[in-house]
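Comments concern the structure below.
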Amino acid sequence: MKRKNKIYLFMTILLAIFYIALLVILYLSEHTDNNSTIRSFGDAIWYSLVTLTTVGYGDITPSTPLGHAVGIVFLFLSAGIMMTLFGAVVSFITSEGLPLFLLGFQREKNWYYFADYGIESNTLAKNIYEEDPNTIIIFGEKREEQMEFPDYPCFFINVSPARIVAHKKNIGAKCKFFLMKENDIGVNIRAIDLHTLPIEVYARTTNGQDHLSGNIKFFHSYDCCARQYWHTNPLCNSENTIIIIGFGNYGRCILERAILTNIISVDQHVAYHIFGNAEELEEFLAMHNHLHKVFSLNKPSETMDSLIFHKDLWETYHMLMAQADRIIICPDNEPEGWNIFWRLHSYYRIQGHIHLHSNRKAPGVSYFGTNEEIYTPDHIMRTTLNKAAITINEIFCKSVSYPTLTWEELDDFHRESKIAAADHLLMKVRILLHDETITELIPEIVEKAYKEYCETKKSKDMEDKYRRLDHARWLRFYTFYNWSYGSVRNDVIRQHSMLCPYHKLTKEQKKERDAAWELLGSIAVELKKKQGY
């Protein structure tokens, strides 16, 4: 017990003893006096309460000198007690007491606790509440510290996560806890001992790590932005030249998602031109030193995709800007992005689309990556994506004859491999339905795509085409993480027997590529359930 609590307890006990002593003195001095109306201990208590609360009915009064003295003490105490009671009530209402009391009536709801209140926290909390009104939003700081208040129901309670968890008393779903500042897991006092609590923790990070311990998961806001971008603006068959200006956190993640997701044909030859700081470009190539096996580096190709890194100024490439099918402007500094956008419009002949990363919305501008788009439950908690990845693993386990691992047994890398396969689902739907306008997975469309897959794969050539396409995607993923070919799979040295051209795979290895396509059937069923079909 804290020292402050011990002092409060000692003072409370002392005050109770003093009060009882006064009652005893009052009773002993009055009950034998014939003129007194205080004849019992109960009468003494009633008199004390009437006096202390300043009600003063006058039905009972002391008659002895000692009784009058005790009455005077009660009169002096009454003002202090009333002020104390009033202060206690005000303190209860303005501190954590009242919110915690009200929370006690809503334990069966889903509790979401944010360590701090900020733009990102507010956006995610608002999106959570809109998706699930049966939600309690809790911010772990004092309300009076805020200039503006949310327009959805929430609590500001400056208490620790452990106290919130204890207050929920294991009723309903586990609490979900969010650290929304970058790399906050190592510095925020609220993060201490989170791994010991029965909660789900989501912490924002600037690296690509996915897990720290069993209940702590990381999310990467720049990667969320890149996922959202390619999901709403997928690669089209007509695009051969894509320019990325800015290679900080956003630009790097947009390129990474393009490498892992933008596979729409085994014959495609898309050239990605990347403009950025020379040191950042060199660091990227040094880290991913196997990319030359699946990409043409710094040289356009007619047979494969190419990655061309420019260390000089983009301003000097007038012809390239004019020929580009798409220009993505994404420096980490948003005003700099707007500056690039206006200069392109003012001084360059542009035929393709310009997409600008911006939180500012302006008419006539194709922007992406607003807080409202990025900080959503599906992006941060990846519920839909993870569920699809788990289903892929289940389908894969059933389709092969050798022993495999369940989702819980997979390490982070192999989980990410299944997630990358799930990320490619939208592309598969667009390929199957020959419709490049599809940007959302809805039940009717996914079901139609799956039926098309089941029908067309009856042709051996089409089945082979689908497998080749997913093998190309799979090769990119493993190569991106610096795996290489080995006659025997060895996870320690990152070697795999399937990291070879498609025609060299065994019949069973080729069949493994069906799992990601077969997932469409399961996804269609799940989407129907979710929408109440």
Side-chain angles (χ1 to χ4, degrees), residues 223 225-247 250-276 281 284-285 288 290-311 314 317 319-330 344 350-357 366 368 420-421 423-439 465-466 468-481 501-502 516:
D223 189 53
C225 177
R227 270 195 167 95
Q228 181 270 335
Y229 173 75
W230 288 114
H231 188 83
T232 54
N233 304 279
L235 178 70
C236 297
N237 282 305
S238 60
E239 294 181 304
N240 292 314
T241 304
I242 295 178
I243 295 174
I244 299 175
I245 302 178
F247 201 65
Y250 288 108
R252 186 181 68 254
C253 286
I254 284 173
L255 178 62
E256 289 177 358
R257 283 296 129 201
I259 290 171
L260 299 176
T261 308
N262 288 352
I263 303 98
I264 57 177
S265 169
V266 292
D267 302 318
Q268 70 184 52
H269 48 90
V270 180
Y272 295 92
H273 292 265
I274 304 100
F275 291 87
L281 297 175
F284 181 84
L285 286 171
H288 305 284
H290 285 49
L291 284 176
H292 64 279
K293 296 178 181 179
V294 289
F295 286 92
S296 172
L297 294 184
N298 295 320
K299 183 179 179 182
S301 171
E302 293 296 319
T303 59
M304 63 195 307
D305 285 359
S306 52
L307 301 176
I308 302 169
F309 296 90
H310 300 274
K311 300 176 184 178
W314 64 267
Y317 290 82
M319 188 61 68
L320 180 62
M321 298 297 157
Q323 296 173 346
D325 299 298
R326 184 190 305 207
I327 300 175
I328 307 170
I329 304 173
C330 51
L344 276 172
I350 306 296
Q351 295 179 347
H353 300 286
I354 298 179
H355 296 156
L356 171 66
H357 171 254
S366 296
F368 68 93
D423 241 348
H424 192 251
L425 282 175
L426 180 63
M427 286 296 192
K428 287 180 166 64
V429 170
R430 288 161 63 98
I431 291 166
L432 288 164
L433 299 181
H434 308 285
D435 186 348
E436 294 184 342
T437 65
I438 299 172
T439 58
K465 175 186 173 181
Y466 296 144
R468 282 178 180 275
L469 191 67
D470 199 64
H471 182 62
R473 179 204 60 75
W474 184 88
L475 277 177
R476 281 200 188 187
F477 178 83
Y478 273 77
T479 304
F480 180 79
Y481 286 99
Y502 178 78

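Heavy-atom basis, side chains included; hydrogens, waters and symmetry copies ignored.
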(request) For Arg326, enumerate each residue passing the side-chain hydrogen bond (donor to acceptor under 3.5 Å, both in side chains) test, keeping only those at least two apart in sequence or located in another chain. (result) Tyr229, Glu239

Could you measure the distance from the [atom1] atom of [X] to the [atom2] atom of [Y]? Nearest 0.5 Å is fine.
X: Ile263; Y: Lys428; atom1: CD1; atom2: NZ; value: 8.0 Å
X: Leu281; Y: Lys311; atom1: CG; atom2: NZ; value: 7.0 Å
X: Arg252; Y: Arg257; atom1: CZ; atom2: CZ; value: 12.0 Å
X: Ile308; Y: Ile242; atom1: CD1; atom2: CD1; value: 12.0 Å
X: Ile254; Y: Gln228; atom1: CD1; atom2: CD; value: 9.5 Å
X: Leu344; Y: Ile329; atom1: CG; atom2: CD1; value: 5.0 Å

Is it the case that the side chain of [X] and the backbone of [Y] share a donor-acceptor pair, with hydrogens and angles ignored and the cut-off at 3.5 Å?
X: His273; Y: His310; answer: no
X: Asp325; Y: Asn240; answer: yes
X: Arg476; Y: Leu260; answer: no

Output a table of donor-acceptor pairs, distance under 3.5 Å, between side-chain atoms of residues 291-299 and any protein atom two or more places apart or on a different chain; print 'none' if there are none.
{"from": "His292", "atom 1": "ND1", "to": "Asn289", "atom 2": "O", "distance (Å)": "3.3"}
{"from": "Ser296", "atom 1": "OG", "to": "Lys299", "atom 2": "O", "distance (Å)": "2.5"}
{"from": "Asn298", "atom 1": "OD1", "to": "Phe309", "atom 2": "N", "distance (Å)": "2.8"}

(request) Measure the acute angle between the ring planes of Tyr481 and Phe477, then classify it against the limits of 30° and 60° as parallel, tilted or perpendicular. (result) tilted

(request) Using the six-membered ring wherever Trp is involved, compare the ring planes of Phe480 and His288 and label them parallel, tilted or perpendicular (cut-offs 30° and 60°). (result) parallel

(request) Could you walk me through whether Arg430 and Cys236 pass side chain to side chain contact (heavy atoms under 4.5 Å, CB included), step by step? (result) CA-CA 10 Å; Arg430 288 161 63 98; Cys236 297; 3.7 Å; yes

(request) Please check if atom NE2 in His290 has more than 12 non-hydrogen atoms from other residues, nucleotides or ligands closer than 6.0 Å. (result) yes

(message) Set out, in order, the CA-CA distance, both residues' side-chain angles and the distance that settles side chain to side chain contact (heavy atoms under 4.5 Å, CB included) for Phe284 and Ile274, then state yes or no.
(response) CA-CA 11 Å; Phe284 181 84; Ile274 304 100; over 6 Å; no

(request) Could you check if a side-chain atom of Ile243 sits within less than 4.5 angstrom of a side-chain atom of Tyr317, using non-hydrogen atoms only? (result) no

(message) side chain to side chain contact (heavy atoms under 4.5 Å, CB included), that's the test. Do Leu469 and Lys465 meet it? Break it down for me.
(response) CA-CA 6 Å; Leu469 191 67; Lys465 175 186 173 181; 5.7 Å; no

